Amino acid sequence: MVQWIKRERNMRLSQLFTKTRKDTPTDETAKNAQLLIQAGFIHKEMAGIYAYMPLGKRVLDNITRIIREEMDKAGGQEVQMTVLQPKDIWEKTDRWDDEKVDNWFKTRLANGTELGVGLTHEEPIVDALKDYVSSYKDLPLLVYQVQSKFRNELRAKSGLLRGREFVMKDMYSFARSQKEHDEIYEKIAKVYAKVYDRLGIGDVTYRTYADGGIFTEKFSDEFQTVSEIGEDTIYIDKEKGVAINKEICTPGNLKKIGLNKEDLIEKRAVEVGNIFPLESKYSDALDLFYVDREGKRRSITMGCYGIGVSRLMGLLAEYFADERGLVWPQSIAPAEVYLARLGDDTKVVEAADELYGELSKKGIDVLYDDRDMRPGEKLADADLIGVPHRVVVSQKTVDVNKFEYKKRISKEAKLVNKNELIKILDSST
Ligand code: ATP
Ligand code: MG
């Protein structure tokens, strides 16, 4: 039987090639990017375009893992579509022209053939499914991917919150009827709530009525996380646990939804995801149909479901940070324990090395600060990097045969013996 083995990825900071910086980068205005650059999580290539360094890649992967687990549980089948896009399928839905969609990046083959650089994937997914889906027996279907998207955003001043290259999870549903679609749509809305819960922002993330687009009377749903750094304004009904985007907050819409203006509070928010009923706009245009039990050709009702994976990373970084640096929720932290070895006395080195080995063997993710640096610098880095648990081994702790333990979020450290330490970490990692 194949067993799921936790990836061995403990790390000695003396071997990590990234370094923390003392000063905030001057060419960056967004706090999320400033912090992430300073702590060595991301590297800025240019405005709105960032590379992920080892610690950042861990966080991005952890967010992705949570999303993937929930999409799989909901029955999603993961694919990876291409970044390079043929022009003809986009012409069929009238989304190729720059007049229609103004943030395409486009490129050319050597022979001059125009190509699109993927900004979303409705058209290619529908086109691919034509090779596999034709009967009522093939449906319903949920297909998703986690991939980089490319958009020529006018303003890219919000760090990871608005990238020109960014990571998105996009899922597409295919149903045989409106009723079947509605059930899937509501199910995924619940799955989304679960994702934001697991990321630690469930209590401040609202399902928000938003514009459904030009081809439907219906609303779409955004998932908006309350935060001052958001570009959007939403009105929240705390009692009902829902919100409405300012863009569509008209007396008519409020009535349609059943909300009262007096019950609503205004907040800034970040759109961390959205789900859209697409009806059969794309499937019809690209000629994807199914044949029902009676042999009749029928339209396929679609939905699309996006989550901003890298935007979430930026939001979570900024949302939880304090004056000392990053504060990662355990579920997505780059490691579980920051083990700081202060000093290089043989006994201290031995005790720290031994603990590192033991924790690693237990499958606990450790960042081992074994660098030859001043204690103050190491503890400042521990705070900046923001791993949830900190353990210090020093002359002082070795003398009393103990370890110093502290949570990133608490101010007080305590001395514990090894059994106590392992118990604490076992129960919280
Ligand atoms: P926005 O309204 O923020 O421009 P959108 O409505 O165009 O986003 P979609 O195309 O539906 O967004 O993408 C799905 C999700 O991807 C969004 O909810 C958002 O979280 C994320 N996203 C969209 N654009 C960007 C971007 N430029 N950088 C980072 N994340 C993005
Ligand atoms: Mg939007």
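We count ligands from 1, going down the list as the structure has it; atoms in each ligand are counted the same way. Note that the structure is a prediction, hence the values are computed from the model and not measured.
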Check your understanding: For atom 3 (O) of ligand 1, which candidate among Glu231, Arg162, Glu271, Glu165 provides the closest heavy atom?
Key -> Arg162
Point to revise | Option with minimal heavy-atom separation from atom 28 (N) of ligand 1, where the choices are Ser310, Cys304, Gly163, Ser158 | key: Gly163
Review point. Do Tyr206 and Asp237 have side-chain N/O donor and acceptor atoms under 3.5 Å apart?
Key: no
Check your understanding: Does a donor on one side chain sit under 3.5 Å from an acceptor on the other, for Asp292 and Tyr290?
Key -> no
Between [X] and ligand 1, which residue portion shows a heavy-atom distance shorter than 4.0 Å: side chain, backbone, both, or neither?
X      : value
Glu153 : side chain
Val272 : backbone
Leu161 : backbone
Arg151 : side chain

Practice item. Flag the pair Asp322 and Arg408 as a salt bridge only when some basic side-chain nitrogen lies within less than 4.0 angstrom of an acidic carboxylate oxygen. Key: yes
Practice item. Output yes when Glu266 and Lys246 qualify as a salt bridge under the 4.0 Å nitrogen-oxygen rule, no when they do not. Key: no
Exercise for review: Could you walk me through whether Phe150 and Phe105 pass ring-ring contact (aromatic ring centres under 6.0 Å, His included), step by step?
Suggested key: CA-CA 7 Å; Phe150 300 84; Phe105 282 111; 7.0 Å; no
Review point. Hey, is Thr120 one of the residues with a heavy atom under 4.0 angstrom from ligand 1?
Key: no
Practice item. Can you sort out which atoms of ligand 1 are near Gly273, meaning under 4.0 Å from one of its heavy atoms? Key: 18 (O), 20 (O)
Point to revise | Contact check, side chains of Leu367 and Arg58, non-hydrogen atoms, under 4.5 Å | key: yes
